[in-house]
Amino acid sequence: MYCPNCGKELVQNARFCDACGSPVASDQAAPATGSTSEQAAPVTPNIYADYPQTVSEPPKPRKKGLFLKITAIVLAAVVLLAGVTVLGYHTFLPAKMTLQYAQSNTLKKTWNYIEQSLDRSEKETDYLLNTPVKADTKINFKLDPGLLTALGLDEKMADLVGGYISNVTIQAISEADIPNKKQNFTLSLNYLNNPLISLNGFFDNDRMGVALPELSQKGIVGRLQDLSRLAELYPYSFDTSTLEPLAGINPWLAYDLRQELKIDRKDLKKLLDTYGMFLVNATSGGDMSIRRGKTTELFGEEIRCQEVTITLDQKAQLELVKSLLDTMAEDEALYNAVFGKVSKLLEILSAGNPALAENLPGMDMKMILGKSQIRTLLNTAKRSLSKDMFPEEAIIRIYIRGYDVVKYELEIPQTSTDEEILITFENVIDGDDLRMRLSFEGDSGYERVAMYLDIDQKYDKASDTSDLAVTFDVKLDDGDDGIFRIVYKSNEDPEGSNKIKRLIDASVDFELPYNDGISLTISADTTETRNKNGFPVIIEGTIDLSMGGQLSPSSERTNITLGLESYIIQYDINVKTPDWVANAIDLGTATREDLEAYIEEIAETLGNIISMAQYLF
């Protein structure tokens, strides 16, 4: 049969044409056999019949509902998992898992705080050490007449001396180019801004010199090792063994030590992670218990928290310490940050210092403090341990607020008394702010001793200012014995775009037996002007010193006021050797006659000044 549309021959009983796709009715199909006269008349053929033609099917509807269902299931699973985790953390997770999470979270916050503090400190220190700087400082005095009368002067003379002293200033000028190891300095005592006497000096690598310009036109220069010549020139006045340690002094030691002993941050972070998690990871979960909904004091305020208690008998304490020594023996970061730095320190100190090198004859610091030696030392210490060396029981309580460990307590009962040794460490970090308290309470054998160290630091990044409060207390239960207390407080507030107002209060108090004790207080009120880089260029203000107690038969408090007239800093200066060096006496080649003539000139000029002062006053 044939297609009624295109005329193409079709297979028997076909319902559609496979060429043009037209439907074929059953009554249109021609019989396969019979005469040609019985066949239907042929239709004009379609010229496109030999080209394949496709019939497009209607698009299937997208299954949007399925995607939304899958997304909803995933989100629900995440929320459910988070909810179960939070619920478990606060309700039914075991002590060790709860403590591991909290301690890990606390260490992350601690490292962020340390890293931010290091960034700020290194930025300022590196700039000051690597930029030539000049600082000019003037300070004047005002004395409380009570101090002078306490020293034995009558009131009239005390007022007179106090008036003269108020016109006296101390001036210190320093130029330093640390990378090139050059420094010039001047220290002078001025009256009405004119120098009465001053000391000039310089350092240029290992070369140095000093001069007294008001007393002599000359000065003395030389290298540090030339100091040993004084023992040759004046054998009865100087001893070689005394001068040799001075000859070995490195004037740039602080700079060299900082460059060589700087701890790599990767090692520092590894130490924090290793030993911050050591107690948690090394203690069996069977030695831990947890109580939720507890209360404790944190910096004097009551808080609700989770309390994890670790109870260690003598055997558990022994195993814990052995594990710690094993960890230390294999710790590469500990060696790099501690033992390796100690080795480097001794090497730098002994270099060029005959006295120290003599006390360490034939000792190779790298060999003595090498990794294998340190490992052997720690393993020997481990083998010498026994459980009898430890208290019968040690109790460690760890307090968790939210997801942070905020307080640690170590309690060691004392069998000889009803008291216990209690060491407490409280620590809260919030971004750039830190609050820390370390305390110790124990029995000294006669009375209860308590020591406290409190640190509270807040930093404002926008203004680059910080507030700091530090308190150290030593107290005894027996009221007849004394108290030692140090307090330091510093508050900084911005005043405009480039000025910082700083208030400082510090005090030291001794409450000694059988008297009123001694106290010293210092307060400062200064204003700091900063340059565009945030570094100080001018500091002005006042400093008050106050002393009280039984310094004399009169226990009245006396005061000294220091006026900080100016503290001016200049950067990127050119540090040159002073002009007076050209006429100076070289200690390396000078004769005894040269030195004695110089000393006589100074003594004669000084005598004339003293005679004039006696005549005037």
Side-chain angles (χ1 to χ4, degrees), residues 107-108 110-130 176 178-181 183 203 205-206 224 245-279 282 321-382 384 425 427 434 436 438 453 455 457:
L107 290 178
K108 289 179 182 178
T110 302
W111 174 248
N112 289 336
Y113 174 83
I114 292 174
E115 195 167 36
Q116 294 297 324
S117 299
L118 289 175
D119 286 341
R120 295 193 299 269
S121 175
E122 290 180 0
K123 176 185 176 182
E124 181 176 353
T125 305
D126 289 343
Y127 185 81
L128 293 177
L129 289 180
N130 294 293
I178 302 298
N180 293 313
K181 296 186 175 180
Q183 182 176 9
F203 291 98
N205 286 285
D206 65 337
L224 289 171
L246 297 177
I249 292 176
N250 178 7
W252 313 101
L253 180 61
Y255 178 74
D256 292 342
L257 289 178
R258 185 183 184 277
Q259 299 299 106
E260 295 291 339
L261 303 182
K262 192 174 182 179
I263 299 177
D264 189 277
R265 288 200 189 184
K266 292 181 180 178
D267 290 335
L268 189 60
K269 186 176 187 305
K270 189 174 184 300
L271 289 175
L272 182 67
D273 292 338
T274 299
Y275 299 99
M277 293 297 296
F278 176 80
L279 177 65
V321 173
K322 284 184 175 181
S323 178
L324 176 62
L325 293 175
D326 285 338
T327 301
M328 294 173 64
E330 302 300 326
D331 193 343
E332 191 80 14
L334 179 65
Y335 178 81
N336 294 336
V338 180
F339 302 112
K341 299 303 182 186
V342 172
S343 173
K344 190 66 177 179
L345 172 63
L346 295 176
E347 181 182 340
I348 293 174
L349 292 177
S350 61
N353 192 326
L356 182 59
E358 185 178 349
N359 293 327
L360 301 172
M363 291 187 178
D364 186 347
M365 292 299 104
K366 292 183 179 179
M367 180 66 68
I368 295 173
L369 296 175
K371 297 178 184 178
S372 59
Q373 283 73 19
I374 296 299
R375 187 178 294 111
T376 300
L377 178 65
L378 293 173
N379 289 332
T380 301
K382 185 182 73 170
S384 66
F425 178 67
N427 186 59
L434 168 71
M436 184 179 72
L438 177 64
L453 173 64
I455 299 176
Q457 189 267 341

Engineer: What pair of heavy atoms forms the shortest contact from D267 to N336, and how long is it?
Structural biologist: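 For D267 and N336, the tightest heavy-atom pair comes out as OD2-CB, 3.4 Å.
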
Engineer: Determine, for D206 against K181, whether the closest basic-nitrogen to carboxylate-oxygen distance falls under 4.0 angstrom.
Structural biologist: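 Here D206 does not pair with K181 in a salt bridge, since their nearest N and O are not under 4.0 Å apart.
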
Engineer: For the residue pair T110 and N427, what are the closest heavy atoms and their distance?
Structural biologist: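 Minimum heavy-atom separation between T110 and N427: OG1-ND2, 4.4 Å.
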
Engineer: CE of M277 to CG of D273: how many Å apart, nearest 0.5 Å?
Structural biologist: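 M277 atom CE to D273 atom CG measures 9.0 Å (nearest 0.5 Å).
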
Engineer: Does K269 pair with E115 as a salt bridge, N-O distance under 4.0 Å?
Structural biologist: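 Salt bridge flag = no for E115 with K269.
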
Engineer: Do the side chains of D119 and K123 get close enough for a salt bridge, i.e. N-O under 4.0 angstrom?
Structural biologist: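 Salt bridge absent between D119 and K123.
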
Engineer: To the nearest 0.5 Å, tell me how far K322 NZ sits from K382 NZ.
Structural biologist: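 It comes to 7.0 Å.
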
Engineer: Are any of the side-chain heavy atoms of W252 and Q183 separated by less than 4.5 Å?
Structural biologist: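 SC-SC contact between W252 and Q183 confirmed.
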
Engineer: Please examine the side chains of E122 and R265, heavy atoms only from C-beta on, and report whether any two atoms are closer than 4.5 Å.
Structural biologist: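 Result yes, sub-4.5 Å side-chain heavy-atom pair found.
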
Engineer: Using atom types as modelled and distance alone, determine if a side-chain donor or acceptor of S343 lies under 3.5 Å from a backbone N or O of F339.
Structural biologist: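 Checking the backbone N and O of F339 against the side chain of S343, no donor-acceptor pair under 3.5 Å is found.
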
Engineer: Applying side chain to side chain contact (heavy atoms under 4.5 Å, CB included) to N130 and I178, what does each step give before you reach the verdict?
Structural biologist: CA-CA 6 Å; N130 294 293; I178 302 298; over 6 Å; no

Engineer: Would you indicate whether the side-chain heavy atoms of I114 and W111 approach each other to under 4.5 Å?
Structural biologist: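 Touching, per the 4.5 Å side-chain cut-off.
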
Engineer: Which distance, rounded to the nearest 0.5 Å, do you find between the CD1 of I374 and the CG of D331?
Structural biologist: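 Separation between the atoms: 12.5 Å.
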
Engineer: Heavy-atom distance under 4.5 Å between the side chains of E124 and L128, does that happen here?
Structural biologist: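 Touching, per the 4.5 Å side-chain cut-off.
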
Engineer: Could you check whether K341 pairs with D264 (Lys NZ or Arg NE/NH1/NH2 to Asp/Glu carboxylate O, under 4.0 Å)?
Structural biologist: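 Not counted as a salt bridge, because no side-chain N and carboxylate O are separated by less than 4.0 Å.
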
Engineer: Mind listing the closest non-hydrogen atom pair of P179 and Y255 along with its distance?
Structural biologist: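 What the structure gives for the nearest pair is CA-OH, 4.2 Å.
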
Engineer: May I ask you to test the Q457-Y113 pair for a side-chain heavy-atom distance under 4.5 Å?
Structural biologist: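 Counting from C-beta outward, Q457 and Y113 do come under 4.5 Å.
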
Engineer: Give a yes or no on whether the backbone of S117 and the side-chain of S121 come within a donor-acceptor separation of less than 3.5 Å.
Structural biologist: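 No, the answer is negative, given that no donor and acceptor are paired below the 3.5 Å cut-off.
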
Engineer: Test side chain to side chain contact (heavy atoms under 4.5 Å, CB included) on M328 and Y275; report intermediate values, then the result.
Structural biologist: CA-CA 9 Å; M328 294 173 64; Y275 299 99; 3.6 Å; yes

Engineer: What do the steps show when you test L325 against N379 for side chain to side chain contact (heavy atoms under 4.5 Å, CB included), and what is the final call?
Structural biologist: CA-CA 7 Å; L325 293 175; N379 289 332; over 6 Å; no

Engineer: Would you name the heavy atoms of L268 and L118 that are closest together and state the gap between them?
Structural biologist: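 So the minimum-distance heavy-atom pair works out to CD2-CD1, 3.9 Å.
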
Engineer: Give me the atom names and distance for the closest heavy-atom approach of A333 to L271.
Structural biologist: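 That closest heavy-atom pairing would be C-CD2, 4.1 Å.
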
Engineer: Would you mind reporting whether T125 and R258 have side-chain heavy atoms less than 4.5 Å apart?
Structural biologist: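 Touching, per the 4.5 Å side-chain cut-off.
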
Engineer: What closest approach, in Å, do P251 and L224 show between heavy atoms, and which atom pair accounts for it?
Structural biologist: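 Nearest heavy atoms, P251 then L224: CD-CD1, 3.7 Å.
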
